[in-house]
2 protein chains.
Amino acid sequence: MAPRQELSQKNRNKLSRRDLTTAAIALIEREGLDALSMRRLATELECAPMSLYTHVRSRDDLIDAVVEHLIEQLAPPEWSGESWQQVTRRTLEAYRDLAVQMPNSFELLALAPYDSSPVAPHLSRTVASFEQAGLTPEQARQILGILDGYATGFLIVWARSSTRGRSDEYAATAPGIAGLRDLEMFDRGLDALIAGLDLTLVRGTDGGEVLA
Amino acid sequence: MAPRQELSQKNRNKLSRRDLTTAAIALIEREGLDALSMRRLATELECAPMSLYTHVRSRDDLIDAVVEHLIEQLAPPEWSGESWQQVTRRTLEAYRDLAVQMPNSFELLALAPYDSSPVAPHLSRTVASFEQAGLTPEQARQILGILDGYATGFLIVWARSSTRGRSDEYAATAPGIAGLRDLEMFDRGLDALIAGLDLTLVRGTDGGEVLA
DNA sequence: ACCTGAACACCGTTCAAGT
DNA sequence: ACCTGAACACCGTTCAAGT
């Protein structure tokens, strides 16, 4: 019945680092980010709290592992002959889809530091794919930073409000604010941002090509 | 020497809700967001942890009070005859300046739910100022949502990386990523976004005015 | 190598008690 | 009304001990 081995005497579960992140993500999606604690995760895995430390250095390391797990869900960044507008749109839409799929865990990925071990390599590959699409290194860096800022902020707030039980207790005092965020808005903002970046950063700066 | 009254016998400090938020913000800016706990704040104010509960219902309520305190630092949204581009730019630049001034506390404001008691009224007034500048209610709602998403995400990540001691341990593995974020980039992104929104949302949709 | 219980220094908050 | 200490149910993590 359980996908996990029967525990023979004490606990011969043979936990792995991946078991931790799988259980952690399931727990977060089921009960929210605050529910993720070492002790809570241990009871979830039917082991002692200290057993987790065999597979993970600390709580921060656990979160790094979760972020790494989440990044694996994103398709690896690569260029397939598209324009830079198409690559960036595809990249950001994948990001958006992950936020929809795992709204509670998404925040861990979105706010993970750029220089953390799971994020840095993924970011490097993303920048590289932007450059292959014809952007200069400087353009790629700036456009990624700006687009990532937009997606991070929009999607975190969206995910929080789509998950947290909307209280509606101030909805009356703030007419027109309810539903300030919806996903179509994300796509519209993305369109606007890409169009604006093309105008001000790509076409604008160097006297580069007028047509892609 | 201390701006606070000498404590006579026990503690005749006459704490107020504002004393709590002032001390909380100072503590957060000095030692980071994680340092803000009821017990820690109490020692900061030289009172018993439970004394705080006279002025604040709970930790969440304390955070609401801090957010309210931060919003007061922003100039109240109003329209002074500018174009919508100028109002939105002015609004977002004030938001940016607050992030620069109080990088550690900023996150509390940026991630406070739209429908929380301190945020909702401020948001309503902001939407109203956008409408006075000529946007339709629907345009104002969308443009605020998108711009706020951009500013929230960009500035939170910027504030975190500008404060947290940059480890530089993965800087080598991620060439071109170090310094992915700087404040000039925020302004460039804002320019691009406003230009793009004008193209795709304001000029684009209804057959409205061609010139502001 | 992997798992564990006891212990330490934290945390938010309830409750009953003091002024 | 305002402040307080003791107590409860949590938390991450160290350490010494088991297999």
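In what follows, chains carry the letters A, B, and so on, assigned in the order in which the sequence lines appear, proteins first and then strands, with residues in each chain numbered from 1.
- If you take CZ of Arg40(A) and P of dA9(D), they are 17 Å apart, rounded to a whole angstrom.
- Of the side-chain N and O atoms in Tyr53(A), one or more sit less than 4.0 angstrom from OP1 or OP2 of dT13(D).
- In this structure the side chain of Glu131(A) never reaches within 4.5 angstrom of the side chain of Thr136(A), judged on heavy atoms.
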(message) side-chain contact (heavy atoms from CB on, under 4.5 Å), that's the test. Do Thr54(B) and Leu15(B) meet it? Break it down for me.
(response) CA-CA 9 Å; Thr54(B) 307; Leu15(B) 284 180; over 6 Å; no
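- Across the protein-nucleic acid pair, His55(A) atom NE2 and dC3(C) atom P stand 4 Å apart, rounded to whole Å.
- Here the shortest heavy-atom pairing between Leu41(A) and Leu62(A) reads CD2-CD2, 3.8 Å.
- As a whole-Å value, the separation of Glu46(B) CD from dT4(D) P is 11 Å.
- Contact annotation for Ser37(A): backbone-only contact, meaning every heavy-atom pair under 4.0 Å involves sugar-phosphate atoms and none involves a base.
- Here dG5(D) presents its C1' atom at 16 Å from CE of Met38(B), a figure rounded to the nearest Å.
- Straight-line distance from the CG atom of Leu20(B) to the P atom of dC2(D): 12 Å, rounded to whole Å.
- Partner assigned to dT14(C) is dA6(D), using Watson-Crick or G-U wobble distances below 3.5 angstrom.
- For the pair Leu52(A)/Cys47(A), a side-chain contact is recorded, criterion being any heavy-atom separation below 4.5 Å from C-beta on.
- Among the atoms of the strands shown, only primed sugar atoms or phosphate atoms (P, OP1, OP2) are found under 4.0 Å from some heavy atom of Arg59(B).
- Here dC3(C) is the nucleotide among dT4(C), dA6(D), dC3(C) with the atom lying nearest to any side-chain atom of Leu15(A).
- Rounded to whole Å, atom C1' of dA1(C) lies 16 Å from atom CZ of Arg17(A).
- When the P atom of dC10(C) is taken as reference, atom CZ of Arg39(A) falls 15 Å away, rounded to whole Å.
- In terms of phosphate contacts, Ser51(A) brings a side-chain nitrogen or oxygen within less than 4.0 Å of OP1 or OP2 of dT4(C).
- In this structure, Asp34(B) atom CG and dG12(C) atom P are separated by 12 Å, rounded to whole Å.
- A donor-acceptor distance shorter than 3.5 angstrom exists from the side chain of Glu29(B) to the backbone of Ser105(B), with no hydrogens or angles considered.
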